[in-house]
Amino acid sequence: MGNSNKPAGAAEKKSNSNLIYFILNNKALLILIILVVFAQIATKGLFINFSNGLSNLSSVARQVATPAILGLGFTVVLAGGGVDLSVGYMVSVIGVLYALLSLQMPVVFAILIAIVFGALLGMINGTLSVRFKLAPFILTLATGQLFKGVAYLLNNGKPVGNLGDGVKIIGQGLLFGAIPYSFLIMITLTVLMAVMMYRTRYGRHIIATGGNLEASSVSGINTKAIQISAYVVMGIFAAIGAIVLTGRTANASPAAGEGMEMDAIAAVVIGGTPMSGGKANIVGTIFGSFIMGIISNVLNLMNIGSFWQWCAKGVIIILAILLDVQSEKFFNKQRVKA
């Protein structure tokens with residue numbers, strides 16, 4: 001009898017482990033589904049309202065676009081074993097520069113210059129961190145302050161307004177009167193990033209470098225170049241996020257990006273990319289961004305003040321980090337057993 005019970009007990013344990021593994025790997029999607037149901041109940045049907053043409057969902061998609069784009073870039077940095085806390089101020093300085101340029105030249109040229117400028121800022125972060133072996137956490141806090149100062153200096157601390165329709169349409173335009181262009185940009189970037197991270201040698205090298213730096217270096221990967229390039233990708237995505245945000249708000253404020261790095265971190269970690277690196281969950285980052293966006297939207301619909309919203313976001317980030325730590329412990333146990 002003792003022996004006959006062992007296979008059943010082992011099968012039950014394996015089944016439970018598989019269930020936990022599935023939940024942890026898809027936690028962002030499961031949380032999002034639960035949150036949407038809660039939002040619909042808590043707002044008494046205002047969250048998804050068919051009578052107003054789903055305008056609230058369109059609004060959420062527009063608001064989420066910039067944080068989600070930043071989250072995609074942050075996913076690459078985190079997967080490669082780095083971290084970038086200058087993201088918010090990077091958005092601010094790029095946004096102000098882009099807005100000023102759009103008043104002096106065609107929008108297309110302003111966009112190209114903004115993206116190149118973003119790549120340059122990312123390269124500065126990456127080079128200082130990797131080449132000079134500076135702790136990225138402290139370094140990017142410092143460069144963030146530098147970017148903040150430049151953002152205020154560019155236009156004497158004043159927001160840039162009177163922007164043209166070419167700028168506004170990127171953040172405010174709707175396809176078929178319902179689907180924001182910014183949302184389509186986000187989806188396109190998500191597909192491109194998923195292909196890059198999961199189907200190319202470059203993506204595999206980023207994940208390998210973040211997972212084990214020494215082993216990757218020994219195997220022939222140029223880990224320094226890979227890590228620097230991850231920060232460059234972050235800079236490019238910060239530029240795209242700044243372009244979308246400037247279009248949505250129809251102005252560029254030197255304070256526009258403050259705090260966005262926290263939303264990006266929360267979205268990426270909730271989405272399943274661990275703080276320790278070595279893994280990237282691109283689609284999970286998008287789900288995580290929507291979770292953060294929906295929470296803000298629901299609190300607004302319930303007329304809860306911004307002070308409480310900041311508290312809620314802080315709690316969510318703490319819970320996301322705790323969940324990340326516990327998830328990694330579980331996965332490490334499974335690897336040891338395997």
Side-chain angles (χ1 to χ4, degrees), residues 28-29 32 60-88 90-91 94-95 111 114-115 118-119 121-123 125-126 140 170-171 180-200 202-207 209-210 226-248 257 259-275 277-294 317 320 324:
L29 176 58
L32 182 60
V60 170
R62 192 185 287 114
Q63 291 169 4
V64 162
T66 296
I69 291 169
L70 297 181
L72 290 172
F74 207 96
T75 301
V76 178
V77 173
L78 213 58
V83 67
D84 191 345
L85 299 181
S86 69
V87 171
M90 203 184 291
V91 169
I94 296 171
I111 289 173
I115 291 174
L121 297 184
M123 184 174 288
N125 280 339
T140 54
I170 296 173
Y181 290 144
S182 54
F183 176 76
L184 296 175
I185 292 170
M186 180 197 76
I187 293 299
T188 302
L189 292 174
T190 302
V191 173
L192 291 174
M193 290 300 292
V195 171
M196 184 187 83
M197 293 302 292
Y198 305 142
R199 293 289 184 267
T200 69
Y202 174 69
R204 290 193 291 272
H205 283 184
I206 288 177
I207 293 172
T209 299
I226 287 292
Q227 287 183 312
I228 292 173
S229 71
Y231 283 97
V232 172
V233 171
M234 180 69 261
I236 292 170
F237 275 72
I240 298 171
I243 290 165
V244 170
L245 179 64
T246 302
R248 182 170 72 84
M260 282 194 170
E261 65 280 355
M262 291 296 101
D263 285 349
I265 291 171
V268 172
V269 174
I270 291 171
T273 300
M275 296 286 288
K279 182 182 176 183
N281 193 329
I282 298 296
V283 177
T285 293
I286 299 302
F287 290 149
S289 298
F290 269 95
I291 288 168
M292 298 300 292
I294 289 171
I317 292 169
D324 172 54

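None of the values given here were measured: they were computed from a predicted structure.
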Exercise for review: Determine whether V76 and M197 make a side-chain contact, defined as any pair of heavy atoms from C-beta on separated by less than 4.5 Å.
Suggested key: yes

**OP:** Check whether any side-chain heavy atom of M193 sits under 4.5 Å from a side-chain heavy atom of T190, and report yes or no.
**Re:** no

Of all heavy-atom pairs linking A68 and S289, the shortest is CA-OG, 3.2 Å

Minimal heavy-atom distance between I69 and G241, with the atoms involved, is CG2-N, 3.9 Å

Across all chains, not counting sequence neighbours, the side chain to side chain contact (heavy atoms under 4.5 Å, CB included) partners of Y181 are I169, L175, L184

Taken in chain and number order and not counting sequence neighbours, the residues that satisfy side chain to side chain contact (heavy atoms under 4.5 Å, CB included) with S229 are Y202

Hits for side chain to side chain contact (heavy atoms under 4.5 Å, CB included) against L29, two or more places apart or cross-chain, chain-then-number order -> I33, F287

Side chain to side chain donor-acceptor pair (under 3.5 Å) pairs touching residues 61-78, sequence neighbours excluded, are S59-Q63, T75-T285

Quiz item: Above 12 or not: heavy atoms from other molecules or residues under 6.0 Å from CE of M123?
Solution: no

To the nearest 0.5 Å, atom OG1 of T273 lies from atom NZ of K279 at 7.5 Å

Residues passing the side chain to side chain contact (heavy atoms under 4.5 Å, CB included) test with I170, sequence neighbours excluded, are Y98, I111, I185, I243, V244

Between the CE atom in M186 and the CG atom in L189, the distance rounded to the nearest 0.5 Å is 9.0 Å

Closest non-hydrogen atoms of G272 and P274, given as atom of the first, atom of the second and distance, are O-CD, 3.4 Å

Does the side chain to side chain contact (heavy atoms under 4.5 Å, CB included) test come out yes or no for M234 and N125, once each step is laid out? CA-CA 10 Å; M234 180 69 261; N125 280 339; over 6 Å; no

Can you check whether I286 reaches L72 side chain to side chain, under 4.5 Å on heavy atoms? yes

Interatomic distance, CG@D84 vs CG@L121, rounded to 0.5 Å, equals 10.0 Å

Residue pairs passing the salt bridge (charged side-chain N to carboxylate O under 4.0 Å, His left out) test with at least one member in residues 260-274, sequence neighbours excluded, are D263-K313

Output for pair (Y231 OH, I236 CD1), nearest 0.5 Å, gives 15.5 Å

Here the gap from L85 atom CG to F74 atom CZ, rounded to the nearest 0.5 Å, amounts to 6.0 Å

Practice problem: Report yes if some heavy atom in the side chain of L70 is under 4.5 Å from a heavy atom in the side chain of F237; otherwise report no. | Solution: no

Rounding to 0.5 Å, atoms CD1 (I206) and CG (L78) come to a distance of 12.0 Å

Let me see the working for V77 and V233 under side chain to side chain contact (heavy atoms under 4.5 Å, CB included), right down to the final yes or no.
-> CA-CA 8 Å; V77 173; V233 171; over 6 Å; no

Closest heavy-atom pair, A114 versus A239, reported as atoms and distance to 0.1 Å, is O-CB, 3.4 Å

